[in-house]
Amino acid sequence: MLLQVPANRIGFSVMSVAQLKIIQEVISLSVFVPFAIFYMNQPFKWDFVWAGLCMVGAVYFMFRG
């Protein structure tokens with residue numbers, strides 16, 4: 001996979017486990033939604049937008065301090 005979360009000793013020395021997990025979820029969602037829409041021909045749902053906004057909020061709270 002082209003985008004991977006650095007969840008090894010190097011990644012853990014820079015970020016916490018929770019931050020690494022949030023990054024993993026953001027990458028998964030940003031890859032899955034276009035795949036589902038364009039390749040699997042699934043209809044666009046507003047749930048994709050709301051899930052993305054929830055992930056933006058999670059990133060904000062995990063990295064704010």
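Given the structure is predicted, the values throughout are model-derived calculations rather than measurements.
Taking the side-chain contact (heavy atoms from CB on, under 4.5 Å) definition, one finds that Ala51 meets it with Leu29, sequence neighbours left out. Every side-chain contact (heavy atoms from CB on, under 4.5 Å) that Phe38 has, sequence neighbours left out, goes to Pro34. In this structure, the side-chain contact (heavy atoms from CB on, under 4.5 Å) partners of Phe61, at least two apart in sequence or on a different chain, are Arg64. With sequence neighbours left out, the ring pair (Phe, Tyr, Trp, His ring centres under 6.0 Å) criterion links Tyr60 to no other residue. Under the ring pair (Phe, Tyr, Trp, His ring centres under 6.0 Å) criterion, Phe63 pairs with no residue at all, not counting sequence neighbours.
One finds the CD atom of Glu25 at 12.5 Å from the SG atom of Cys54 (value rounded to the nearest 0.5 Å). Taken to the nearest 0.5 Å, the CZ atom of Phe35 stands 10.0 Å off from the CD atom of Gln42.
Using a 4.5 Å cut-off between side-chain heavy atoms of Ile, Leu, Val, Met, Phe, Trp and Tyr, with links allowed through other members, Phe48 and Met40 fall into different hydrophobic clusters. Both Ile37 and Val26 sit in one connected hydrophobic cluster of ILVMFWY residues. Membership requires side-chain heavy atoms under 4.5 Å apart, directly or through other members. There is no path of hydrophobic side-chain contacts, each under 4.5 Å, that joins Tyr39 to Ile27.
Cluster partners of Val56 are absent, since no Ile, Leu, Val, Met, Phe, Trp or Tyr has side-chain heavy atoms less than 4.5 Å from it.
Trp46 and Phe44 have perpendicular rings, their planes meeting at more than 60° on a 0 to 90° scale where under 30° would count as parallel.
At a threshold of 4.5 Å between non-hydrogen side-chain atoms, the residues Met62 and Ile22 count as touching.
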